[in-house]
> 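Right, I'll just put the structure down here and ask away after.
Since the model is a prediction, treat every value here as computed from it, not as a measurement. Count residues from 1 along the sequence.
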Amino acid sequence: MMRLSPIAAAAMLALTTSAMTPMTANAAPQADQNRANPLLTKSQLPFQAPQFNLIKDSDYLPAIREGMKQHLAEIEGIANNKAAPTFDNTIVAMEKSGRLLTRATNTFFNIVSANSNDALQKVQTEVAPELTAHSDAIYMNDKLFRRVDTLYKQRDSLNLNPEQAMLLKVYHDNFVHAGAQLSPADKAKLKEMNKEIASLQTAFQQKLLAATKDGALIVDTKEELAGLSDDQIAAAAQAAKDRGLDGKYALTLQNTTQQPLLQTLTDRATRKALFENSWTRAERGDANDTRDTISQLALLRAQKAKLLGFDSYSAYVLDDQMAKNPATVDTFMAKLVPATAARERAEAADIQAMIEKSGKDFKLEPWDWDMYAEKVRKAKYDLDEDQVKPYFELNKVLEDGVFYAANQMYGLTFKERKDIPVYQPDVRVFEVIDADGSPLGLMYFDYFKRDNKSGGAWMSNFVDQSHLLGTKPVIYNVCNFTKPAPGQPALISFDDVTTMFHEFGHALHGLFADQTYPSISGTSTARDFVEFPSQFNEHWALEPKVLKNYAVNYKTGEPIPDALVAKIKKAATFNQGYALGELLAAAKLDLAWHALPATAPRQNVDTFEAKTLASMGLDIRDVPPRYRSSYFQHIWSNGYASGYYAYLWTEMLDDDAYDWFENHGGMTRENGQRFRDMILSKGHTMDYGPMFRAFYGKDPEIGPMLKARGLTGHADADTAAPTADGPAQQPAGEPIDR
Ligand SMILES: [Zn+2]
């Protein structure tokens with residue numbers, strides 16, 4: 001996964017590991033039986049930071065189990081309270097419950113992702129289903145729901161402030177979405193459906209895994225691999241050997257439609273064969289064909305939505321998102337089509353010209369795109385990474401770039417805290433100090449790649465902000481940058497610089513949280529909103545004032561030359577017609593599958609897909625969807641059903657908000673304060689639409705997003721802002737993606 005991992009990494013991981021082999025008991029013997037498990041009590045460190053100096057791997061499982069036990073007892077107490085329900089004895093009581101469980105899991109899920117080992121993974125496998133069952137036990141608790149429902153019905157007479165009213169609505173929605181309102185017979189039906197859906201999702205995942213493995217292209221001769229490096233050819237030979245095909249070569253498939261090797265394979269027949277293997281991987285009519293599974297899954301999801309009172313699965317999923325309903329998303333995507341289609345055509349024409357310039361006479365096909373686009377890039381947009389890297393030294397980017405921008409915008413300052421224990425020696429901890437000198441929170445930065453760290457980059461909290469609980473945010477950013485040799489500077493790419501600003505944008509959303517209730521604090525927002533602050537913060541990486549402050553040659557001390565900055569900006573607009581087109585096509589497939597009504601017949605997957613794509617007005621022949629229905633893992637097994645559009649939606653928000661800054665004096669303390677007050681400090685205390693409108697004075701529009709991707713005006717314009725990250729950088733199976 002490339003840059004961004006969803007911030008809900010912990011929760012997602014808990015859900016995605018349940019397919020692993022269950023292990024029994026935590027085998028690690030306790031050396032000292034009298035030693036207290038440090039997770040069982042509140043940390044006495046500043047900001048209640050995790051006591052990594054005391055915690056052992058063997059502490060997590062007993063703490064999480066004890067946490068579930070305590071939490072369930074608290075929940076039972078609330079549900080069985082003889083007193084009539086009040087906001088305080090029900091909703092506030094739930095907010096206060098489960099503190100041990102939260103403390104233990106917040107710490108555990110960071111460690112198992114960022115600094116794992118076999119023992120921790122065993123714990124993860126073991127607790128994942130237990131945590132799911134724990135959550136079910138709460139949301140299926142009838143007595144508890146009746147109390148919440150009673151309060152919800154009285155909501156207008158309870159004298160709740162806006163945050164309390166939203167919290168009550170969130171609880172009620174969560175219960176209703178989980179089926180709490182159904183009759184006992186329908187609840188039983190829902191349980192069966194959930195089981196069937198889960199098993200179809202697992203079946204899809206397993207078939208796709210096998211189909212992708214079997215989809216590797218086998219070639220007989222080295223000549224057919226012309227264009228690959230010696231290392232790549234050796235890897236292909238080894239992959240064939242692993243399959244018992246000694247002497248041949250296997251090109252294994254990546255999860256996307258386009259395959260990275262297509263950029264360099266010069267034998268056109270090999271390119272075509274590799275592309276076709278990718279495109280048809282899960283449609284071969286064998287045991288790994290996923291079409292039957294997904295048409296069944298789409299229908300079951302539609303039936304589940306109907307049971308819960310929604311017209312379609314999309315309507316069910318979007319109900320608590322910023323977009324609210326499928327029609328809004330459809331309209332949004334349709335608006336992006338004309339500019340995208342025009343740029344796709346212009347890019348295709350450039351590529352066709354490059355094909356002819358290279359002395360070939362064929363017509364561009366999808367398997368030619370990346371190879372000839374790369375030649376176009378070299379000719380028109382060349383940016384040499386080695387030229388750029390000396391200006392991006394990691395610590396300077398952090399302290400004179402990321403921190404500096406936060407100082408200019410929000411008045412924050414940062415003080416390194418070497419006294420706070422860390423889980424790995426490379427991790428750096430800073431106290432974040434607010435503009436008025438008061439402590440705001442604690443930040444951990446874990447930037448270097450390790451063998452025991454998951455790929456990608458993500459942000460989350462060790463401690464959630466809450467006035468009710470008296471807690472300030474304790475937040476971490478995790479990335480995967482290459483660690484330099486001892487004594488050498490860590491020089492990173494501009495892409496990495498953008499990732500640092502991105503993850504710190506999530507951190508600001510968490511640091512500025514100003515909520516009473518932890519459930520709706522900070523980044524606990526909808527999927528189609530949560531990437532807004534992070535993508536927005538990326539814009540400051542190229543702000544001239546910020547850039548001059550951090551992009552300084554590590555050897556000579558020279559600031560980065562303007563010509564190089566211009567190249568970086570220009571490179572960000574390269575191939576954006578294709579990039580946006582393939583995302584739109586995939587998002588459209590996602591939405592179409594989940595817009596089916598419960599009464600729809602089972603669909604023929606290929607017919608449905610072709611009809612859906614044809615209806616978009618994009619050139620699907622040259623720019624196929626990033627994932628085809630039959631291998632679209634995000635939507636069939638990774639929890640993104642009807643949610644793939646969110647990447648594009650949040651991109652609209654962040655580019656539009658940046659446009660507001662450009663039109664109101666840019667990076668100033670006043671503007672930063674306004675953004676903090678109206679967006680970053682709000683958590684989920686109000687609806688996202690009104691929140692954005694209050695900030696901007698209007699609904700979000702796509703113009704700035706198209707401009708940022710270079711899709712307005714001339715293709716060679718030098719004015720584009722950096723592109724926001726999207727699913728292109730997202731690994732399948734990773735939580736938010738990024
Ligand atoms: Zn993100």
Side-chain angles (χ1 to χ4, degrees), residues 7-8 78 84-97 102 144-145 147-177 180 318-325 328 410 434 440-441 461 464-473 506 508-533 536 649-650 653 656-657 660 671-700:
I7 61 152
I78 297 165
T86 64
F87 186 80
D88 209 52
N89 74 16
T90 303
I91 304 296
V92 175
M94 279 196 280
E95 287 293 284
K96 286 179 176 165
S97 72
T102 303
L144 186 61
F145 175 64
R147 295 179 74 86
V148 173
D149 196 41
T150 301
L151 291 169
Y152 188 67
K153 283 175 178 145
Q154 303 167 350
R155 63 190 178 279
D156 291 334
S157 58
L158 295 176
N159 286 321
L160 301 178
N161 68 32
E163 180 177 350
Q164 292 170 329
M166 180 56 84
L167 182 67
L168 177 55
K169 182 177 184 304
V170 166
Y171 268 105
H172 192 258
D173 283 355
N174 286 347
F175 274 99
V176 170
H177 284 197
L318 292 171
D319 189 46
D320 61 357
Q321 301 289 298
M322 180 173 177
K324 296 270 189 204
N325 58 63
T328 305
Y410 311 109
D434 210 344
L440 191 59
N461 285 52
D464 302 310
Q465 180 277 337
S466 162
H467 298 309
L468 178 72
L469 306 174
T471 48
K472 289 180 185 295
H506 284 308
L508 288 168
H509 198 189
L511 287 165
F512 289 143
D514 190 17
Q515 276 68 60
T516 300
Y517 306 106
S519 289
I520 51 176
S521 168
T523 56
S524 301
T525 58
R527 167 174 288 160
D528 65 359
F529 187 82
V530 76
E531 296 298 324
F532 166 27
F536 172 78
W649 181 270
T650 49
L653 301 181
D656 212 10
W660 183 93
N671 287 343
Q673 191 65 41
R674 180 184 160 92
F675 193 66
R676 171 178 175 172
D677 291 344
M678 303 181 91
I679 303 282
L680 294 178
S681 65
K682 289 288 186 192
H684 184 197
T685 55
M686 59 188 289
D687 272 337
Y688 309 106
M691 198 192 294
F692 190 92
R693 267 196 298 282
F695 170 74
Y696 204 140
K698 67 166 183 62
D699 284 328

> Quick one: closest heavy-atom pair of L144 and I78, and the distance?
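Taking L144 first and I78 second, the nearest heavy atoms are CD1-CG2, 3.9 Å.
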
> Going by an N to O cut-off under 4.0 Å, is there a salt bridge joining D434 and R676?
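So D434 pairs with R676 through a salt bridge.
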
> Are K324 and D319 close enough for a salt bridge, meaning some N to O gap below 4.0 Å?
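Here K324 does not pair with D319 in a salt bridge, since their nearest N and O are not under 4.0 Å apart.
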
> Determine whether K472 and L440 make a side-chain contact, defined as any pair of heavy atoms from C-beta on separated by less than 4.5 Å.
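Contact flag for K472/L440 side chains = no.
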
> Search all heavy atoms of V148 against all heavy atoms of T90 and return the closest pair with its distance.
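That closest heavy-atom pairing would be CG2-CG2, 4.2 Å.
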
> Begin from the C-alpha positions of M166 and L160 and carry the test side chain to side chain contact (heavy atoms under 4.5 Å, CB included) through to its verdict.
CA-CA 9 Å; M166 180 56 84; L160 301 178; over 6 Å; no

> Working note: V92 + K96, criterion side chain to side chain contact (heavy atoms under 4.5 Å, CB included); need CA distance, chi angles, decisive distance, verdict.
CA-CA 6 Å; V92 175; K96 286 179 176 165; 4.0 Å; yes

> In the structure I gave you, are the side-chain heavy atoms of F87 and L167 within less than 4.5 Å of one another anywhere?
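They are in side-chain contact.
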
> Taking all heavy atoms of P533 and all of H509, pick out the closest pair and write down the distance.
CG-ND1, 3.4 Å

> Please give me the minimum heavy-atom distance between R674 and Y696, naming the atom from each residue.
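Heavy atoms of R674 and Y696 come nearest at NH2-N, 4.4 Å.
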
> Starting at CD1 of I91, measure out to OG1 of T86 and round the result to the nearest 0.5 Å.
9.0 Å

> Taking 4.0 angstrom as the limit, do K682 and D677 come out as a salt bridge?
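Result for this pair is no, no salt bridge flagged.
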
> Taking the ring of H684 and the ring of F529, is the distance between their centroids below 6.0 Å?
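No, the ring centres sit 6.0 Å or more apart.
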
> What I'd like to find out is whether the side chain of V170 reaches to under 4.5 Å of the side chain of D320, using heavy atoms alone.
no

> Which atom names give the shortest non-hydrogen contact between Q515 and I520, and what distance separates them?
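Result for this residue pair: CG-O, 3.5 Å.
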
> So which heavy atom on Q321 is nearest to which on R527, and how close?
OE1-N, 3.1 Å

> Indicate whether any N or O donor in one side chain lies under 3.5 Å from an N or O acceptor in the other, for S519 and E95.
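S519 vs E95: donor-acceptor pair found between side chains.
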
> Is the Y410-F675 ring centre distance short of 6.0 angstrom?
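Ring centroids of Y410 and F675 are no less than 6.0 Å from each other.
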
> Do F175 and D149 come close enough that some side-chain heavy atom pair is under 4.5 Å?
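No, side chains not in contact.
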
> Could you walk me through whether F145 and T150 satisfy the side chain to side chain contact (heavy atoms under 4.5 Å, CB included) test, starting with their C-alpha distance in whole Å, then the side-chain angles of each, then the deciding distance to 0.1 Å, before giving a yes or no?
CA-CA 8 Å; F145 175 64; T150 301; over 6 Å; no

> Near N159 CG, under 6.0 Å, is it more than 12 heavy atoms from other residues, nucleotides or ligands?
no

> Report yes if some heavy atom in the side chain of P518 is under 4.5 Å from a heavy atom in the side chain of L469; otherwise report no.
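Yes, side chains in contact.
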
> So F692 and D699, do their side chains get closer than 4.5 Å, heavy atoms only?
no

> With side chain to side chain contact (heavy atoms under 4.5 Å, CB included) as the criterion, how do D656 and L653 come out once you've worked through the C-alpha distance, each side chain's angles and the decisive distance to 0.1 Å?
CA-CA 5 Å; D656 212 10; L653 301 181; 5.9 Å; no

